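Below is one structure; the comments refer to it alone.
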Amino acid sequence: MSFVERLVCSKCGTKYEPGENPVMCRKKDLGRLDVVYDYDGVSERFGRESLASRESRDIWRYEELLPVSPGFAVKLGEGGTPLIHARRLGEKLGMKYLYLKDDTRNPTASFKDRAMAVGSAKAVELKKSDVAIASSGNAAASLAAYSAGAGMRCHAFVPPDASAGKIAQLLLYGASITRCGQVKKGEDATVQAMLAAVDRFGYYPCPSFGPFNPYQVEGPKTITYELYEQRDWETLDAILVPTGSGCLLTGIWKGLRDLRELDLIRAYPRIVAVQPAGNQALVKAIQKGTPFGKIIPEAYPASVAGGLLDPYPWDGDAAMTGVSKTHGAGVSVGDRDILRSVRELAAFEGIFAEPSGAAGLAGLEKLLSDGGIGRGERVVVLVTGSGLKEPDRVIEMFEGKNAGGVKRGTRRRP
Ligand SMILES: Cc1ncc(COP(=O)(O)O)c(C=O)c1O
Ligand SMILES: [Zn+2]
């Protein structure tokens, strides 16, 4: 049973019936078709007790608040990831209540599985044979896995420097891979090539950007539901979100609003967007109060956090609303800080993250030092992608130019 009431374009306000199954606004205005639910209907079935009695641990556990029936889903075990109370890292940072949401533990080792499980299920419902994606690697690898399970062809448009681990996943899952040019003057060649292929061949677009597919946006919000269930509905003070296009943050915010609408939480935690210093158009806009429409894409994004290099924050409108309504913040972090966070997550908590996945921790450390977050607060850091996808980065950290004097074979304490 679907509780989707309608979809509404975030730019022009055009309303769509769920049965129209729209993917992009027909006005071609790059608005995101926000999914609106019948919360009264949902609330009859979705509450603390009813959730507690459910057995499934994957994202489909929250089916009333998803825009596609689980019957169409390829289920690989997406979601249901651990929320780890980081005692050792917390002690180092002087925090008692630091929690790490370990989304490296998804089927293809990044949080994108939440999005792609939903986006691909919609493609199955619509009987699509070919799906297309533009991505730095994680979302593409994820869509390729779900497409394999559904028997759909996946066409992935990736940047020239996508990591070997992500390309290996794409190859093995059987995706067709098109390596596009590097971002130039703020133009993302992967997105342009994907849109051209969608136009020309009629592929179903399923990138993890809201304006090109509204269904997948609903997947990552399950992180929010899980956080509250895992903490037994206690109040949280802040959530740190590694941010590229802003789609993940948009999901976290949507999840919070859903829970508020259903009266399952009373207050919002502050949402903090964390971007690398070499690609921080959204963070700058948050800090300066620039309206979304005036954001200028980063001309030549650069960072060790390859998953956070979208030059343009496609979902920045909703992301900025989420940050401002929760009295959150935007923070940028340097590559050295990101790499230190990779090291700390592993050395203190046993979590092996890729740089993009560890950036949230770097953001927390910056805000702890400038007072933006207090050491007594209850804070969740999202850890979004596995370091096994980019092992070269780690080896470089210990042996390459960023090694900081660490020689081969020497033990290093963080
Ligand atoms: C590991 C990882 N973390 C975070 C993000 C950021 O997500 P978004 O682009 O939705 O802001 C990405 C995006 O590719 C990613 O791969
Ligand atoms: Zn529109």
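None of these values were measured; they are calculated from a predicted model. Both counts, for ligands and for their atoms, begin at 1 and track the order of listing.
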Quiz item: Going by atom types only, do Gln275 and Lys284 share a side-chain donor-acceptor pair under 3.5 Å?
Solution: no
Quiz prompt | Residue pair Ala353 / Val383: nearest heavy atoms and the distance that separates them | solution = CB-CG1, 3.7 Å
Quiz prompt | Numbered atoms and elements of ligand 1 in range of Cys247, under 4.0 angstrom, heavy atoms | solution = 8 (P), 10 (O), 11 (O)
Self-check item: Distance-only polar pair, side chains of Ser10 and Asp34, donor-acceptor under 3.5 Å
Solution: no
Quiz item: Who gets closest to atom 14 (O) of ligand 1 by heavy atom: Pro220, Gly307, Ala305, Gly246?
Solution: Gly307
Exercise. Using a strict cut-off of 4.0 Å, indicate which atoms of ligand 1 neighbour a heavy atom of Gly385.
Key: 1 (C)
Self-check item: Residue and atom name of the nearest protein heavy atom (relative to atom 10 (O) of ligand 1), distance in Å to one decimal
Solution: Leu248 N, 2.8 Å
Self-check item: Atom indices of ligand 1 within 4.0 angstrom of Thr243 heavy atoms, with elements
Solution: 11 (O)
Quiz item: Would you call Glu396-Arg393 a salt bridge at under 4.0 Å N-O?
Solution: yes
Quiz item: For atom 2 (C) of ligand 1, what is the nearest protein heavy atom, given as residue, atom name and distance?
Solution: Thr384 OG1, 3.4 Å
Practice problem: For the atoms OD2 of Asp29 and SG of Cys25, give the angle they form at the Zn ion (ligand 2), rounded to 10 degrees. | Solution: 130°
Quiz item: Given the rule in the side-chain contact (heavy atoms from CB on, under 4.5 Å) test, do Ile271 and Val241 qualify, once you have shown the distances and angles that lead to the verdict?
Solution: CA-CA 7 Å; Ile271 305 180; Val241 187; 3.9 Å; yes
Quiz prompt | Heavy-atom closest pair, residues Met116 and Ser142 | solution = CB-OG, 3.2 Å
Quiz prompt | Per-atom contacts, ligand 1 versus Ser356 - under 4.0 Å to a heavy atom | solution = 1 (C), 2 (C), 3 (N)
Self-check item: Nearest neighbour in protein (non-hydrogen) for atom 5 (C) of ligand 1
Solution: Leu308 CD2, 3.4 Å
Quiz item: Got the closest protein heavy atom to atom 16 (O) of ligand 1, with its distance?
Solution: Asn138 ND2, 2.8 Å
Practice problem: Answer yes or no: is there an ion pair linking Arg260 with Asp263, defined by an N-O contact shorter than 4.0 Å? | Solution: yes
Quiz item: So which of Ala358, Gly306, Ser245 gets nearest to atom 8 (P) of ligand 1, if we judge by its closest heavy atom?
Solution: Ser245
Quiz item: For ligand 1, which atoms sit closer than 4.0 Å to a heavy atom of Asp310?
Solution: 9 (O)
Quiz item: Does Lys122 pair with Glu218 as a salt bridge, N-O distance under 4.0 Å?
Solution: no
Quiz item: Do any N/O atoms on Lys112 end up under 3.5 angstrom from N/O atoms on ligand 1?
Solution: yes
Exercise. Name the closest protein heavy atom to atom 7 (O) of ligand 1, giving the residue it belongs to and the distance to 0.1 Å.
Key: Phe111 CZ, 3.7 Å
Exercise. Check each atom of ligand 1 against the heavy atoms of Glu354 and keep those under 4.0 Å away; list them by number with element.
Key: 1 (C)
Quiz prompt | Donor-acceptor under 3.5 Å (Glu78 side chain, Leu76 main chain) | solution = yes
Exercise. Return the option from Pro242, Pro355, Gly244 holding the heavy atom at the smallest distance from atom 11 (O) of ligand 1.
Key: Gly244
Quiz item: Within 45 degrees of the axis of the six-membered ring of Tyr204 and under 6.0 Å from its centre: does Lys128 put its NZ or CZ there?
Solution: no
